[in-house]
2 protein chains.
Amino acid sequence: MPKVDLSARELQVLNALIDCYIKTAEPVGSRKLATKYNLGVSPATIRNTLQDLEEMGLVYQPHTSAGRIPTEVSYRIYVDNIMQIRPLTNKEKAQIARELTSGNKAIDQILEQSCRVLSEVSMQLGVSMAPRFTEGILTHLDLVPVGENRLLVVAAVKSGLVRSVVMEVDSVVNPKMVQETADILNERLSGLTLGQIIDTIHDRFRDVSYGDPKLIKLFTESAENIFTPQTDKDLHLMGTPNITSQPEFKDPKRLQELISLIEERQKIVSSLNAAAIYEGVVVTIGKEANLGMLDGCSMVTSTYRAGKTTGTIGVIGPTRMEYSKLMSIVDYTSKVLSRILSKE
Amino acid sequence: MPKVDLSARELQVLNALIDCYIKTAEPVGSRKLATKYNLGVSPATIRNTLQDLEEMGLVYQPHTSAGRIPTEVSYRIYVDNIMQIRPLTNKEKAQIARELTSGNKAIDQILEQSCRVLSEVSMQLGVSMAPRFTEGILTHLDLVPVGENRLLVVAAVKSGLVRSVVMEVDSVVNPKMVQETADILNERLSGLTLGQIIDTIHDRFRDVSYGDPKLIKLFTESAENIFTPQTDKDLHLMGTPNITSQPEFKDPKRLQELISLIEERQKIVSSLNAAAIYEGVVVTIGKEANLGMLDGCSMVTSTYRAGKTTGTIGVIGPTRMEYSKLMSIVDYTSKVLSRILSKE
DNA sequence: AATTGGCACTCAGGCGATAAGAGTGCTAAG
DNA sequence: CTTAGCACTCTTATCGCCTGAGTGCCAATT
């Protein structure tokens with residue numbers, strides 16, 4: 001919310017400048033603005049306006065005698081106030097819908113496909129994240145003996161998401177006892193959200209009427225480990241070549257940072273979660289994204305619904321991105337995705 | 001197996017040259033070899049030898065009037081015939097053992113830790129791959145109803161590895177029937193390897209005495225999907241910064257190729273599988289690795305055992321790597337890993 | 001016959017000067 | 001308030017020069 005009052009001309013010039021810079025990735029000069037965009041004034045006048053914009057911190061020059069480049073502040077203004085959202089063509093809509101509905105219906109695969117289609121249509125780095133597990137309602141819990149001293153804990157959530165975690169048990173356990181324990185766990189935990197379970201599990205098993213007390217103790221102790229989303233496994237990333245070929249990544253240092261970011265997925269997860277507190281399409285510009293070393297990048301994200309839970313999808317690319325188009329793409333994709341995941 | 005007969009001096013010089021190049025990453029000249037390695041002859045003599053080596057295709061010059069660089073052929077000879085394996089220090093052994101045995105015991109986490117410790121100790125890209133599922137013996141199969149029209153198929157293998165796949169069912173199914181079906185599946189499939197199951201499943205369920213026939217049909221039809229390892233999810237990669245900072249990756253193009261490789265994990269999986277047909281530590285040099293665009297890289301890998309199944313771990317780095325040290329590291333790590341995974 | 005010193009030759013990489021081009025800021029006039 | 005004109009700044013590319021590293025070969029030496 002930078003409080004700026006721009007005159008009509010200043011808005012016009014800023015709009016043209018951002019538009020041009022997004023297309024060319026080169027500093028934009030007054031002459032280019034005057035000839036390519038019919039602003040009805042001469043380059044000299046535009047130069048004056050540009051000086052004003054520079055004083056307001058909306059544009060800058062990489063060096064004294066170069067054109068202007070928009071700052072992050074002005075991207076914000078552009079996205080919030082100036083930009084016209086560019087609707088999708090029917091062809092684009094069809095492509096997204098087709099690629100999302102074809103193929104297997106397991107939620108994980110659908111998310112991977114979302115990620116792929118986002119990266120293909122947007123020509124940026126596509127991201128998708130599985131629904132936030134903590135908000136899901138537990139429908140069923142299962143304990144499956146695996147090998148001699150292990151139990152597989154299977155937790156199924158209403159949205160169709162399933163997580164399984166292997167739990168170590170000290171001694172060999174009686175299968176009947178395991179079943180009995182599973183029964184009481186289900187009885188007391190089904191219908192709660194995983195978040196509630198984590199918070200209240202210790203209280204809920206103060207008294208244990210039947211089932212294996214040792215096993216239940218072990219379970220309550222490792223509940224957090226079982227129910228907490230290991231969210232970096234829920235994250236899909238695709239289309240890295242799309243953005244590495246952009247001019248902002250011609251510097252090897254930049255590329256290295258990108259590689260690090262991709263490896264430590266946790267940072268992306270955090271940023272996506274931070275953006276997900278808003279409804280609908282969110283544009284996170286540059287430093288706002290807090291992507292650590294990799295600034296100069298923006299995200300366009302949206303939440304989607306899967307039953308009672310929500311997840312996040314979006315695209316990541318250089319700050320200089322076609323927000324107007326990307327917002328439509330992400331918006332539409334998230335809506336299709338919600339529809340697919342909810343009609344089941 | 002390039003058939004070369006090298007004289008004692010040629011071996012000596014080649015050894016020194018490779019050693020020097022591995023350390024400096026720069027073309028090695030005759031003078032440097034004469035002064036740093038006491039070969040007892042003058043630079044001029046070494047030059048003659050170098051000419052001979054060049055004719056044999058063992059070294060080359062990036063341009064006239066530069067020092068020599070070893071070719072992939074000569075790395076092969078070096079690894080197979082010349083190199084002395086460098087044993088690990090106690091400190092290194094301790095570090096590997098400590099980091100592998102600490103923490104959670106779930107197989108997936110152990111593999112991730114293997115990967116991390118490999119990358120840290122070797123200063124290369126560490127890789128680890130879960131045991132090959134197809135060779136595992138099925139111990140238990142479970143069908144867990146999830147939501148309205150889904151079943152979670154849980155397949156547990158002797159090594160402790162578990163895979164779960166969501167299966168879509170058309171109609172709502174009776175829980176009793178599901179249990180009955182699971183029973184007969186277990187009865188007929190337990191004890192077989194997953195590979196055998198894939199091959200023979202259609203024959204095994206020609207006659208179905210009880211259980212839900214529709215469900216069994218669905219199951220046999222999707223058996224391949226259920227039991228085939230989606231191996232690129234079983235692959236861990238860590239330590240990319242270790243190798244991106246090496247001089248061979250100063251070229252942005254190289255970096256881009258690396259990023260692509262990391263994204264399409266399938267290629268790495270294939271290469272690792274190809275190397276895994278041999279027992280013990282395998283060195284795969286340059287083009288042998290078939291890492292697509294990213295040649296100029298080598299892998300040092302080893303299989304490890306987990307019960308009846310085997311998996312692969314190793315390191316990937318530029319062809320110019322310290323094979324002598326890396327072979328020890330990978331060998332030791334795989335042995336420790338086998339011990340951990342087998343004593344259970 | 002193998003080894004060595006000497007020497008001319010080649011080539012990459014760094015440095016500085018020069019030229020071209022893009023774009024600005026300022027001033028003065030419309 | 002707008003605009004044309006102009007001097008000024010700064011980047012980028014190109015050329016030529018030089019230096020240093022390293023070779024290949026030949027003739028001398030052991």
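Just so we're on the same page: letters track the sequence lines, and every chain starts at 1. Given the structure is predicted, the values throughout are model-derived calculations rather than measurements.
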| Looking at OG1 of B/T333 and CG of B/L88, how far apart are the two atoms once the value is rounded to the nearest 0.5 Å? | 7.5 Å
| said: For a 4.5 angstrom cut-off between non-hydrogen side-chain atoms, does B/L235 reach B/L272? | reply: yes
| query | Quick one: do the B/Y37 and B/N15 side chains pair a donor with an acceptor below 3.5 Å? | reply | no
| field | Closest-nucleotide ordering on DNA chain C, the 5'-leading residue of B/R47 and B/S65 | value | B/R47
| remark: A/Q61 atom CD is separated from D/dC10 atom P, nearest whole Å, by 11 Å
| message | Please identify the 5'-most and 3'-most nucleotides of DNA chain C with any atom under 4.0 angstrom from a heavy atom of chain B. | response | C/dT3 to C/dA12
| query | Going by number, which of residues 26-45 of chain A have a non-hydrogen atom under 4.0 Å from DNA chain C? | reply | A/G29, A/S30
| Roughly, in whole Å, what's the span from NE2 in A/H63 to P in D/dC10? | 10 Å
I'd like a table of donor-acceptor pairs (distance under 3.5 Å, sequence neighbours excluded) in which one partner is a side-chain atom from residues 120-129 of chain B, with atom names and distances.
| unit_1 | atom_1 | unit_2 | atom_2 | d |
| --- | --- | --- | --- | --- |
| B/S122 | OG | B/L118 | O | 2.6 |
| B/S122 | OG | B/Q124 | N | 3.1 |
| B/S128 | OG | B/L111 | O | 2.9 |

| query | Salt bridge or not for A/E26 and A/K32, using N-O below 4.0 Å? | reply | no
| field | Criterion salt bridge (charged side-chain N to carboxylate O under 4.0 Å, His left out) on B/E54 and B/R68, from CA distance to verdict | value | CA-CA 9 Å; B/E54 185 152 12; B/R68 270 25 182 243; 2.9 Å; yes
| Should B/R68 be listed as having a side-chain N or O under 4.0 Å from OP1 or OP2 of D/dT23? | yes
| field | Rounded interatomic separation in angstrom, taking OH from B/Y60 and P from D/dT23 | value | 15 Å
| Distance (rounded to the nearest 0.5 Å) between B/L14 CG and B/L58 CG | 6.0 Å
| message | So, applying side chain to side chain contact (heavy atoms under 4.5 Å, CB included) with A/I77, which one of A/I82, A/T71, A/I18 is it? | response | A/I82
| Would you say the side chain of B/M299 lies within less than 4.5 Å of the side chain of B/V282, judging by non-hydrogen atoms? | no
| In whole angstrom, what separates A/I69's CD1 from D/dC10's C1'? | 14 Å
| task | Calculate the interatomic distance between B/Q51 atom CD and D/dT23 atom P; express it in whole Å. | result | 9 Å
| task | Report the distance from atom CD of B/E54 to atom P of D/dG22, rounded to the nearest whole Å. | result | 15 Å
